[in-house]
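Remarks on the structure that follows.
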Amino acid sequence: MGMEKNWHFDTLAIHAGTPPDPVTGSIQTPIHQSAAFVFHDAAHAANLFALEEAGYVYSRLTNPTVAALQGRLAALEKGAGATCAASGHAAQMLSLFNLMQSGDAFVSSNKLYGGSVSTYTHSYKQFGWECHFVNPDEPENFRKAITPNCKAIFLEGLANPSGSVVDIQAVADIAHEAGIPLIVDNTLATPYLCQPFDWGADIVVHSTTKFITGNATTIGGAVIDKGTFDWSASDRFPLMSKPEPAYNNISFHKKFGALGYTMRAHALGLRNIGATMSPMTAFLTLAGVETLGLRMEKHVANAQAAAEFLKEHKAVANVSYAGLKDSPYQPLVKKYLPKGPGAVFSIELKGGYAAGKAFVENTKLFRHLANIGDSRSLCIHPASTTHHQLTEAQLKNAGIMPGTVRLSIGIEHIDDIKADLDQALSVKL
């Protein structure tokens, strides 16, 4: 196990968290498709329920297959611990569940996936949680929005679908000056392209549905904690630092230290919300993540070539890909994403709304659906689908125009990708 600390990313992507099965010698982690697990004796059961001993009780809380994936994702992000969840949205909720109570607030970038904007604007109000949105292009906007009841800053380091990049280190400094953690959604970049913990982030969330799995077979999410935030430095985070009546009045931070946040996410988050990842999902995700580095290299190379091709196309008004030389995000790409700014970006068509709909209806290789991060090339017209529930101002903040099309560039041959883009863009309205 000591060697793991020195292993490179691609090695960890295959081996971290998954030694050969000790019972059978199976090289792949078994699918532990079991609702519950037998206790050794009464003392063992009592210790597990009191969090005095690690082990497996019930798959809503812990499961060996899911635990293997959690170990691997924590290793790839260089975190202390991870909690897998039923979806990316569930992971977002779990990331805040340890911090937020009714009447609390958090600050978020306004350049987010449309579903996240809608959730933060409407659904979280049911919990008494308030979200203050700011433009992330100017980090000082986050500082101005922090209020006394603010418990975190949330952002997508590489934003969906605009492809904009946030100055993570600058925002982390602002968060820490205020005594609150920075949560970074690293879905689009993946830990292969960006390591948010290296730049001051405290918590990372993922939709593992996307590039982590990479094959469109599963829905899942993950929360990874760096394990270094001092939850007991003030009275701002009583859920982490104060006695928890649901668990014999233990303080999760004081009892578990660097694993306190992860332990609470399991013991209370998964137990009470129930947004649990299934063993089959974890198994498929473990298989997918093995090739993450290989896939991301191809994704990025294809995305760069496709963006350069589209920039010169007569039907395209604008290409929002941070890898282009004239992108205002180039300095941030060089700092945070030296291997490339992912494979999801948006284009604006000169023909507006009608052209956007016509494009997605006429692709042959690109699949028209509501997902990103698949090995296949994908497209969607956000104004009529993923972002249709947003106001005109919210659409503008997210970089969504009537003729905007979101592209997720796959790992097919680049000549086939460009040919399909060209023919779909050339259809007469």
Side-chain angles (χ1 to χ4, degrees), residues 9 73 76-77 88 91-92 95 108-117 134-139 142 153-172 182-201 203-214 221-222 224 292-293 295-304 306-307 319-324 327-347 371-374 378 380 382 386-387 397-400 404 406-410:
F9 185 96
L73 295 178
L76 293 180
E77 287 285 10
Q92 288 176 347
S95 74
S108 174
S109 161
N110 62 17
K111 295 188 177 183
L112 299 178
Y113 163 58
S116 298
V117 174
V134 301
N135 185 333
D137 289 342
E138 175 47 63
F142 289 96
I153 292 177
F154 182 95
L155 58 85
E156 290 180 3
L158 183 59
N160 173 20
S162 67
S164 60
V165 184
V166 180
D167 190 343
I168 297 173
Q169 187 172 30
V171 180
L182 172 61
I183 305 171
V184 174
D185 187 319
N186 202 29
T187 298
L188 262 62
T190 79
Y192 183 75
L193 297 179
C194 181
Q195 296 268 307
F197 289 155
D198 287 348
W199 303 105
I203 299 159
V204 164
V205 298
H206 281 281
S207 168
T208 59
T209 311
K210 312 303 192 295
F211 293 101
I212 293 288
T213 302
I224 301 102
L292 180 60
R295 288 185 285 106
M296 293 311 294
E297 289 282 354
K298 187 67 180 291
H299 277 297
V300 168
N302 279 352
Q304 183 70 35
V319 179
S320 297
Y321 184 60
L324 295 174
S327 169
Y329 299 107
Q330 270 289 292
L332 295 177
V333 169
K334 291 177 181 177
K335 179 175 181 176
Y336 298 113
L337 299 150
K339 296 177 183 177
V344 176
F345 61 92
S346 61
I347 59 175
N371 193 25
I372 55 175
D374 189 353
L378 313 172
I380 200 165
T386 56
H387 290 66
N397 289 336
I400 304 298
T404 295
R406 182 183 72 186
L407 302 174
S408 178
I409 307 298

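FYI, the numbering just counts along the sequence from 1. For clarity, every value in this text was computed on a predicted model and none was experimentally measured.
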What distance separates Ser116 OG from Lys111 NZ, expressed to the nearest 0.5 Å? 16.0 Å
Any donor-acceptor N/O pair, Thr213 side chain to Thr208 backbone, under 3.5 Å: yes
First locate atom CG of Leu324, then atom CZ of Phe345, and finally report the distance between them rounded to the nearest 0.5 Å. 8.0 Å
In Å and rounded to the nearest 0.5 Å, what is the CD1 to OG1 distance from Ile380 to Thr404? 12.5 Å
Residues in salt bridge (Lys or Arg N to Asp or Glu O under 4.0 Å) with Asp374, at least two apart? Arg376
Distance-minimising heavy-atom pair for Arg295 and Ile212: NH2-O, 3.3 Å
Who are the ring pair (Phe, Tyr, Trp, His ring centres under 6.0 Å) partners of Phe142, not counting sequence neighbours? none
Nearest-0.5 Å distance that lies between atom OG in Ser207 and atom CG in Asn371: 7.5 Å
Side-chain touch Leu182/Leu155, heavy atoms, less than 4.5 angstrom: yes
Given Leu337, which of Leu188, Leu158, Val300 fulfils the side-chain contact (heavy atoms from CB on, under 4.5 Å) condition? Leu158
Between Asn160 (side chain only) and Tyr113 (backbone N and O only), is there a donor and an acceptor less than 3.5 Å apart? no
To the nearest 0.5 Å, what is the distance between OH (Tyr329) and OG (Ser162)? 6.0 Å
Counting distance only, does the side-chain N/O of Glu77 pair as donor-acceptor with the main-chain N or O of Phe197 below 3.5 Å? no
So, do Val166 and Glu156 sit near enough that their side-chain heavy atoms are less than 4.5 Å apart? no
Please name the pair of heavy atoms, one in Ser327 and one in Ala322, separated by the smallest distance, quoted to 0.1 Å. OG-CA, 3.4 Å
Could you check whether Asp198 and Tyr336, counting side-chain N and O atoms only, form a donor-acceptor pair closer than 3.5 Å? no
Exercise: identify the closest heavy-atom pair between Thr187 and Asp185: OG1-OD1, 2.7 Å
Heavy-atom closest contact (His299 atom, Ile409 atom, distance): ND1-O, 2.7 Å
What closest approach, in Å, do Gln92 and Phe154 show between heavy atoms, and which atom pair accounts for it? NE2-CZ, 3.8 Å
Identify the heavy atoms of Gly157 and Val184 that sit nearest to each other, and give their distance. N-CG1, 4.0 Å
NZ-CD1 distance between Lys335 and Ile168, expressed to the nearest 0.5 angstrom: 9.5 Å
Checking the side chain of Ser346 only, and the main-chain atoms of Ser320 only, is there a donor and an acceptor separated by less than 3.5 Å? no
Would you check if Pro191 and His206 make a side-chain contact, meaning some heavy-atom pair closer than 4.5 Å? yes
Is any side-chain heavy atom of Pro136 closer than 4.5 Å to a side-chain heavy atom of Asn110? yes
